[in-house]
Amino acid sequence: MINHNIDFNKASFKEFENIPHYDIVQSANAFQEFTDYMSDQDQMNFRFVTAGCGPVVQVKTPFMKVAKECISLVSNDYLNFTQHPKVKQAAIDGIMKYGTGAGASPLIGGHHEYHVQLEDQLSSFFNRQRGSSIVYTTGYSANAATLQCLLKMEDCAIVDMEVHASVYEGLLRTNTKRFPHNSMIHLERALVDAENKYRTKLVIIDGVYSQNGDLGKIDEIYHLCEKYGAYLMVDDAHGIGVIGETGRGCIELYNLLNKVHIISGTLSKAFGHIGGFIISSPEIINYLRHQSRQQVFSSTSTPASNAIIQAIKLIDEEPQWRIKLEENISYFKKGLLSLNLNIGTTQSAIIPIKIGDPHKTSQVARMLLAAGVYANCIVYPGVSKKDARIRTSLMATHTRENLDHVLNAFEQIGRKINLTKTT
């Protein structure tokens, strides 16, 4: 045992981020004790093994002897394009034509025909001219690498407090001001304070916020940026492909697709693959191609990303998937509210069931799993310690029977543990 004076009964991952006077080995050993304790208490609800993406999956956990069939509410594969026959065939065709890897970084030999086709398809999707997009290995690196490249110590990022962790990683070498979530008063105050102090002012928000599922106030924020001479970046990873009249995301809702200065997105959610991208002016994209360290020093997407080109086409060709997802969201939200559960202010396929206590939340997650429902237990560092919740993500291919199964499970658990909202 290690003498770290951390109470495992009250601890979260936060207490192990930086233990005073512990070197890396001692810190790792202390954390191992904690995760072993969590496993013994049946509260280690992370890194379960599943067999692919789908509305129903086989789940294998360390405490199970055999895999269990569960309704899956953990995937961001909103349209279930990972399983679409045309998307899968496109990935196979890409591999058969080009092989399995890119072979080099984009700058020095790893920029292939399928990359050009994908970037052109993305530019067209957002009604931008050719040369307005760049692809990264992941959505995380799209944000982090782009911001590290663009913003220096003479600049300032003004960010909604609830933006993704990848944004914060990208801001380590610049000045940062944070404003409370969707607070226009605090944003304007930050813009006034930064107006004459910094070379570049970049406001960064999400389209859909990944934990609460609510939307950014993009129209109001854009107008404030215009007023105070700032640029706007919107990370719409959870909106692109599923929100908006034609699936172009939250920015489409406000008719700002050609006005937002930088759009970032992922290829691992609605498009059913892996990767990230940036949409901006051709000049900004050209700068990133030659200055972004991830583009210069790291290989990028494989020929299997040929699947993304097909997935982008399907957004327009098969709108029924977006319609079905919207119907599922409406049905599931009504069911949860009828159980008097706290789902916050969600406006998307991300629907949290807020519980508050992290240990109680872990217990609920385990009870759901026993009932054949696999949902995410979100505690710190995903959210604050007092804001623990069960996070659910819906898919277009969930059936009513699937959703009723989940609602019945919550109802049965609610008879044993008080889950009803207090406000």
Considering all heavy atoms, the nearest [X]-[Y] contact:
X: Val260; Y: Leu232; value: CG1-O, 3.6 Å
X: Gly244; Y: Leu253; value: CA-CD2, 3.9 Å
X: Ile134; Y: Arg289; value: CD1-CG, 3.5 Å
X: Ile390; Y: Thr361; value: CD1-O, 3.7 Å
X: Ile329; Y: Ser348; value: CG2-O, 3.6 Å
X: Arg248; Y: Ile315; value: NH1-CG2, 4.3 Å

Please check this pair: side chain of [X] against backbone of [Y], looking for a donor-acceptor N/O pair closer than 3.5 Å.
X: Ser264; Y: Ile279; result: no
X: His359; Y: Asn9; result: yes
X: Asn182; Y: Lys217; result: yes
X: Tyr114; Y: Ser301; result: yes
X: Gln121; Y: Ile312; result: no
X: Ser305; Y: Thr302; result: yes
X: His398; Y: Met395; result: yes
X: Thr137; Y: Ser299; result: yes
X: Lys201; Y: Glu195; result: yes
X: Ser132; Y: Arg128; result: no

Tell me, with the steps shown, if Val163 and Asp235 meet side-chain contact (heavy atoms from CB on, under 4.5 Å).
CA-CA 8 Å; Val163 294; Asp235 175 1; over 6 Å; no
In Å and rounded to the nearest 0.5 Å, what is the [atom1] to [atom2] distance from [X] to [Y]?
X: Leu403; Y: Leu394; atom1: CG; atom2: CG; value: 6.0 Å
X: Met367; Y: Phe410; atom1: CE; atom2: CZ; value: 11.0 Å
X: Ile353; Y: Ile378; atom1: CD1; atom2: CD1; value: 11.0 Å
X: Asp120; Y: Ser133; atom1: CG; atom2: OG; value: 7.0 Å
X: Leu368; Y: Gln412; atom1: CG; atom2: CD; value: 10.5 Å
X: Asn175; Y: Lys197; atom1: CG; atom2: NZ; value: 10.0 Å

Check whether any side-chain heavy atom of [X] lies under 4.5 Å from a side-chain heavy atom of [Y], and answer yes or no.
X: Ile343; Y: Lys354; answer: no
X: Lys333; Y: Ile351; answer: yes
X: Tyr168; Y: Val159; answer: yes
X: Lys152; Y: Asp155; answer: yes
X: Pro106; Y: His115; answer: no
X: Asn143; Y: Tyr136; answer: no
X: Val87; Y: Pro85; answer: no
X: Gln26; Y: Asn29; answer: no

Please list, one pair per line, the donor and acceptor atoms closer than 3.5 Å that link side chains of residues 51-63 to other protein atoms, with sequence neighbours excluded.
from  : atom 1 : to    : atom 2 : distance (Å)
Lys60 : NZ     : Met64 : O      : 2.7
Thr61 : OG1    : Phe63 : N      : 3.4
Thr61 : OG1    : Met64 : N      : 3.4

Test of understanding: with salt bridge (Lys or Arg N to Asp or Glu O under 4.0 Å), list the residues that count as partners of Glu220, not counting sequence neighbours.
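Expected list: none.
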Full working for side-chain contact (heavy atoms from CB on, under 4.5 Å) between Tyr374 and Lys68:
CA-CA 10 Å; Tyr374 182 24; Lys68 182 181 181 67; over 6 Å; no
May I ask you to establish whether Arg189 and Phe179 are in a cation-pi arrangement, using a distance under 6.0 Å from NZ or CZ to the six-membered ring centre and at most 45° from the ring axis?
no
Using the six-membered ring of Tyr331, assess whether NZ or CZ of Arg400 lies under 6.0 Å from its centre and within 45 degrees of the ring axis.
yes
[X] and [Y] ion-paired at < 4.0 Å:
X: Lys313; Y: Glu318; result: no
X: Lys269; Y: Asp77; result: no
X: Glu245; Y: Arg322; result: no

Sole candidate of Ile240, Ile243, Ile218 that passes side chain to side chain contact (heavy atoms under 4.5 Å, CB included) when paired with Ile251
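Filter result, single survivor: Ile218.
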Go through the side-chain N and O atoms of [X] and [Y] and say whether any donor and acceptor fall under 3.5 Å apart.
X: His273; Y: Ser268; answer: no
X: Gln295; Y: Ser105; answer: no
X: Thr138; Y: Ser141; answer: yes

Name the residue from Gln347, Arg391, Arg389 that meets the side-chain hydrogen bond (donor to acceptor under 3.5 Å, both in side chains) definition with Asn212.
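That would be Arg389; it is the only one of Gln347, Arg391, Arg389 passing the side-chain hydrogen bond (donor to acceptor under 3.5 Å, both in side chains) with Asn212.
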Run the side-chain hydrogen bond (donor to acceptor under 3.5 Å, both in side chains) check on Asn402 and Thr399 step by step: do they pass?
CA-CA 5 Å; Asn402 295 154; Thr399 66; 3.1 Å; yes
Pairs involving residues 202-236, ordered by first then second residue, that meet ring pair (Phe, Tyr, Trp, His ring centres under 6.0 Å) (sequence neighbours left out):
His181-Tyr209, Tyr231-His261
Are Leu147 and Leu202 close enough, and set up right, to give a side-chain contact (heavy atoms from CB on, under 4.5 Å), and what steps lead you there?
CA-CA 10 Å; Leu147 290 169; Leu202 179 64; 3.7 Å; yes
Set out, in order, the CA-CA distance, both residues' side-chain angles and the distance that settles side-chain contact (heavy atoms from CB on, under 4.5 Å) for Asp160 and Asp206, then state yes or no.
CA-CA 8 Å; Asp160 188 296; Asp206 283 2; over 6 Å; no
Is the distance between the ring centroids of Phe271 and Phe81 under 6.0 Å?
no
Take atom CG in Asn255; do more than 12 heavy atoms of anything else shown fall under 6.0 Å from it?
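Open: at most 12 neighbouring heavy atoms sit under 6.0 Å from CG of Asn255.
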Step through the shown structure and confirm whether more than 12 heavy atoms of other residues, nucleotides or ligands are within 6.0 Å of NZ on Lys14.
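Open: at most 12 neighbouring heavy atoms sit under 6.0 Å from NZ of Lys14.
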